[in-house]
There are 2 protein chains.
Amino acid sequence: MLIKIDFSSDEAIYQQLCNQIILGIATATLEEGDPLPSVRQMADEIGINMHTVNKAYTILKQEGFVKVDRRRGAIVSVDVDTLRARAQLEKDLRKLLAQARCRNMSRQDLHRMVDDIYDDYELVCGTGHEV
Amino acid sequence: MLIKIDFSSDEAIYQQLCNQIILGIATATLEEGDPLPSVRQMADEIGINMHTVNKAYTILKQEGFVKVDRRRGAIVSVDVDTLRARAQLEKDLRKLLAQARCRNMSRQDLHRMVDDIYDDYELVCGTGHEV
DNA sequence: CATCTGTTATATCATTCATATAACAGCACC
DNA sequence: GGTGCTGTTATATGAATGATATAACAGATG
């Protein structure tokens with residue numbers, strides 16, 4: 001898994017890290033049961049502090065994307081049926097759609113955008129589980 | 001326009017203010033040409049500092065939701081064809097859809113969610129410009 | 001001239017982000 | 001049993017951000 005951090009971004013490093021791991025899971029680059037590099041190893045690889053990685057892992061754990069085994073480290077384990085996640089997702093989508101409506105984007109525009117991005121993600125997957 | 005700030009939220013006050021004004025425009029509670037309260041008046045109304053309101057207005061101006069007239073204050077004026085806005089919107093949607101895919105949500109699930117929220121926004125509008 | 005507007009300049013305080021050093025407990029391997 | 005790897009916790013520091021406060025300025029309105 002290749003991680004790329006933009007240090008000049010206004011987005012926090014731990015947040016970028018979370019997003020890229022979630023993206024990895026979404027595109028099946030990371031699959032159920034796959035181990036993540038240890039906090040120290042990941043920190044070395046991308047040149048950041050151990051605690052920043054640890055913060056990202058802790059959040060991923062809380063949000064149900066990984067489980068942490070004390071001896072083996074962080075392992076991809078997605079909690080699919082988390083209601084909190086879906087509720088938060090809808091809240092975020094509401095903010096996004098408010099902006100979209102201000103820009104005169106129609107439902108169809110949004111549907112198309114969703115499809116395009118899903119196509120994109122499934123392309124990376126190579127095979128399987130198109131929905 | 002009724003503004004409600006959650007002071008215990010982790011979301012910044014100026015950010016909440018921006019979001020609610022954008023939501024107001026999306027639901028036609030605020031329409032093209034409508035004036036926003038002056039920075040001092042708005043600050044008094046919701047019990048926050050003038051500079052926090054000013055920060056929100058400045059961002060709304062930069063992102064093309066209002067224009068600021070020195071003598072009349074901030075006025076709703078939406079820049080519909082801003083490419084930057086659409087690009088940023090797609091970036092945000094990508095992050096959101098990555099999470100959605102991890103939760104096993106299908107394209108149809110997302111389409112339905114978009115439609116529901118749009119229904120909701122158009123309900124508030126009362127009439128006109130359904131898309 | 002008084003009063004409203006946005007805007008700018010400082011300053012202060014709390015919180016967050018990222019860093020650093022250090023230590024601890026659990027497990028695996030030799 | 002010691003070495004080396006995990007995550008985890010504690011504490012500290014420096015930079016940046018968020019929100020506040022006081023103050024002033026330029027432009028427009030009455």
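Chain letters run A, B, ... following the sequence lines, proteins first, then strands; residues in each count from 1. Since this is a predicted model, take the numbers as computed values, not measurements.
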Problem set entry | Criterion salt bridge (charged side-chain N to carboxylate O under 4.0 Å, His left out) on B:Arg94 and B:Glu90, from CA distance to verdict | CA-CA 6 Å; B:Arg94 284 190 112 83; B:Glu90 192 190 324; 2.8 Å; yes
Protein-nucleotide distance ([X], atom [atom1]; [N], atom [atom2]), rounded to Å:
X: A:Phe7; N: D:dA16; atom1: CZ; atom2: C1'; result: 16 Å
X: B:Asp44; N: C:dG6; atom1: CG; atom2: P; result: 12 Å
X: B:Leu17; N: D:dA19; atom1: CG; atom2: P; result: 10 Å
X: B:Asp6; N: D:dA19; atom1: CG; atom2: P; result: 12 Å
X: B:Leu60; N: C:dT7; atom1: CG; atom2: P; result: 12 Å
X: B:Asp10; N: D:dA19; atom1: CG; atom2: P; result: 11 Å
X: B:Ile13; N: D:dT17; atom1: CD1; atom2: P; result: 18 Å
X: B:Gln41; N: C:dG6; atom1: CD; atom2: P; result: 9 Å

Exercise. What does A:Arg72 touch in the nucleic acid at a heavy-atom separation under 4.0 angstrom: a base, only the sugar-phosphate, or nothing?
Worked result: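 A:Arg72: no heavy atom of the nucleic acid under 4.0 Å.
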Exercise. At under 4.0 Å between heavy atoms, what does B:Lys67 touch on the DNA or RNA strands: base, sugar-phosphate, or nothing?
Worked result: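 Nothing: the residue B:Lys67, judged by heavy atoms under 4.0 Å, touches no strand.
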Using a cut-off of less than 4.0 Å, is there contact between a side-chain N or O of [X] and OP1 or OP2 of [N]?
X: A:Tyr14; N: C:dA18; answer: no
X: A:Asn54; N: D:dG7; answer: no
X: A:Asn49; N: C:dA18; answer: no

Problem set entry | Whichever of B:Thr52 and A:Lys61 has its nearest DNA chain D nucleotide further upstream toward 5' |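 Closer to the 5' end of DNA chain D: A:Lys61.
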For this session: Hey, which sits more toward the 5' end of DNA chain D by its nearest nucleotide, B:Lys55 or B:Met50?
Result: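 First, find each residue's nearest nucleotide; the 5'-ward one identifies B:Lys55.
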Please enumerate all protein N or O atoms sitting under 3.5 Å from an N or O of nucleotides 28-30 of chain D, with distances to 0.1 Å.
{"from": "D:dT29", "atom 1": "OP1", "to": "B:Arg71", "atom 2": "NE", "distance (Å)": "3.3"}

Exercise. Which residue, A:Glu11 or B:Ala74, contacts DNA chain C at a nucleotide closer to its 5' end, judged by nearest heavy atom?
Worked result: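 On the 5' side of the pair lies B:Ala74.
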Exercise. Does A:Arg40 get its side chain close enough to the base of C:dT21, under 3.5 Å, for a donor-acceptor pair?
Worked result: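 Such a pair does not exist between side chain and base.
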Exercise. Quick one: does B:His51 reach the base of D:dT22 with a side-chain donor-acceptor pair under 3.5 Å?
Worked result: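 Between D:dT22 and B:His51, which were checked side chain against base, a qualifying N/O pair under 3.5 Å is present.
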Exercise. Can you tell me if A:Arg103 uses its side chain to pair, donor with acceptor, with the backbone of A:Ala98 under 3.5 Å?
Worked result: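 Side chain of A:Arg103 to backbone of A:Ala98: no pair is present.
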For this session: Check whether any side-chain N or O of B:Glu32 sits under 3.5 Å from a backbone N or O of B:Val78 as a donor-acceptor pair, and report yes or no.
Result: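 Present.
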Would you give me the side-chain donor-acceptor pairs under 3.5 Å for residues 12-23 of chain B, sequence neighbours excluded?
{"from": "B:Gln16", "atom 1": "OE1", "to": "B:Asp6", "atom 2": "N", "distance (Å)": "2.9"}
{"from": "B:Gln16", "atom 1": "NE2", "to": "B:Asp6", "atom 2": "O", "distance (Å)": "3.0"}
{"from": "B:Gln16", "atom 1": "NE2", "to": "B:Glu11", "atom 2": "O", "distance (Å)": "3.0"}
{"from": "B:Asn19", "atom 1": "ND2", "to": "B:Glu11", "atom 2": "OE2", "distance (Å)": "2.9"}
{"from": "B:Asn19", "atom 1": "ND2", "to": "B:Gln15", "atom 2": "O", "distance (Å)": "3.4"}
{"from": "B:Gln20", "atom 1": "OE1", "to": "B:Lys4", "atom 2": "N", "distance (Å)": "3.0"}
{"from": "B:Gln20", "atom 1": "NE2", "to": "B:Lys4", "atom 2": "O", "distance (Å)": "2.4"}

Exercise. Picking from D:dG7, C:dG6, C:dA18, which would you name as closest to the side chain of A:Val68?
Worked result: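 Of the options given, the side chain of A:Val68 lies nearest D:dG7.
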Exercise. Are B:Leu60 and B:Thr58 side-chain neighbours, meaning at least one heavy-atom pair lies under 4.5 Å?
Worked result: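 No, too far: nothing below the 4.5 Å cut-off.
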Exercise. Between CD of A:Gln99 and CE of A:Met105, what distance do you get to the nearest 0.5 Å?
Worked result: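 Output value for this atom pair is 11.0 Å.
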Exercise. So is A:Arg101 actually on top of B:Tyr118's ring, under 6.0 Å and inside 45° of the axis?
Worked result: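 Cation-pi check for A:Arg101 and B:Tyr118: passes.
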For this session: Using the side-chain contact (heavy atoms from CB on, under 4.5 Å) rule, pick out the option among A:Asp109, A:Val114, A:Leu110 that qualifies with A:Arg112.
Result: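 Single pass found, and it is A:Asp109.
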